[in-house]
Amino acid sequence: AQKVTQAQTEISVVEKEDVTLDCVYETRDTTYYLFWYKQPPSGELVFLIRRNSFDEQNEISGRYSWNFQKSTSSFNFTITASQVVDSAVYFCALSDATSGTYKYIFGTGTRLKVLA
Amino acid sequence: ETGVTQSPTHLIKTRGQQVTLRCSSQSGHNTVSWYQQALGQGPQFIFQYYREEENGRGNFPPRFSGLQFPNYSSELNVNALELDDSALYLCASSFEGFSGNTIYFGEGSWLTVV
């Protein structure tokens, strides 16, 4: 079965600290895609990154970096030198064709609070 | 901004009523998906439309139905509203959604059922 687990419900950090958001996934497909989205209070889910199952290279984009490890079925997200504007709920999602449709399975999200 | 627009942004309905939510997809996108997000939860897949045909459905009852139009815009209809239908309804569009492409979300419609 498909499943995404974000064990951290809420994290609070002080501005400029580094923070890592954990994501563990389950799927039986060999072809799948992993995503991170940011949801500010307005509600819109903002796309951050997409990764396919055949590309395990880590990625860095400015203060954001992602660590994909198939061996542990994890796709963790690190924010370096956090800022107050990073405060939001972050969702990890999995998409594969197990059900015949590339629907997204979301985790329950991690609420990040960055304190000034 | 993703170019996906939804209306209305907020609405209040009474239990038993019907509601229609609308979504305009991003230019060039032919696939629309709808998700329900209850408070404090992650979005749950309702269904997906590809070129005006339903292309997959989540674990939602038949009173949740949808349409996609030739211009790829879409509607979500919910009949016989229940209190548990109170949620944020998110529309997302993509190109060739069956292939695992990235989906881009609108700002959602906040539905309250009283």
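Below, chain A is the first sequence line, B the second, and so on; all start at residue 1.
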Neighbour count above 12 (heavy atom, 6.0 Å) for [X] [atom1]:
{"X": "B/N71", "atom1": "CG", "value": "yes"}
{"X": "A/Q57", "atom1": "CD", "value": "no"}
{"X": "A/R111", "atom1": "CZ", "value": "no"}

With hydrophobic residues grouped by side-chain heavy-atom distances under 4.5 Å, do [X] and [Y] end up in a single group?
{"X": "B/F60", "Y": "B/L81", "value": "yes"}
{"X": "A/Y25", "Y": "A/Y33", "value": "no"}
{"X": "B/L39", "Y": "B/L90", "value": "no"}

Between A/Q6 and chain B, which part of the residue has a heavy atom less than 4.5 Å away: side chain, backbone, both or neither?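 Neither part.
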
Per-residue contact mode, A/Y37 against chain B (heavy atom under 4.5 angstrom):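 For A/Y37, the contact with chain B is made by the side chain alone.
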
Would you confirm whether B/Y35, through its side chain, and A/Y104, through its main-chain N or O, come within 3.5 Å as a donor-acceptor pair?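 Here the side-chain-to-backbone pair exists.
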
Relative to chain A, which segment of B/Q6 carries a heavy atom at a distance below 4.5 Å: side chain, backbone, both, or neither?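 Contact with chain A is absent: no heavy atom of B/Q6 under 4.5 Å.
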
Between B/P43 and A/L45, what is the shortest heavy-atom contact and its length?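 Looks like CG-CD1, 3.7 Å.
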
Can you tell me how far OG1 of B/T102 sits from CG of A/L48, rounded to the nearest 0.5 angstrom?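 Going from the CG atom of A/L48 to the OG1 atom of B/T102 covers 11.0 Å.
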
Hey, could you give me the CD/CG distance between A/E44 and B/L88, rounded to the nearest 0.5 Å?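 With rounding to 0.5 Å, CD (A/E44) is 10.5 Å from CG (B/L88).
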
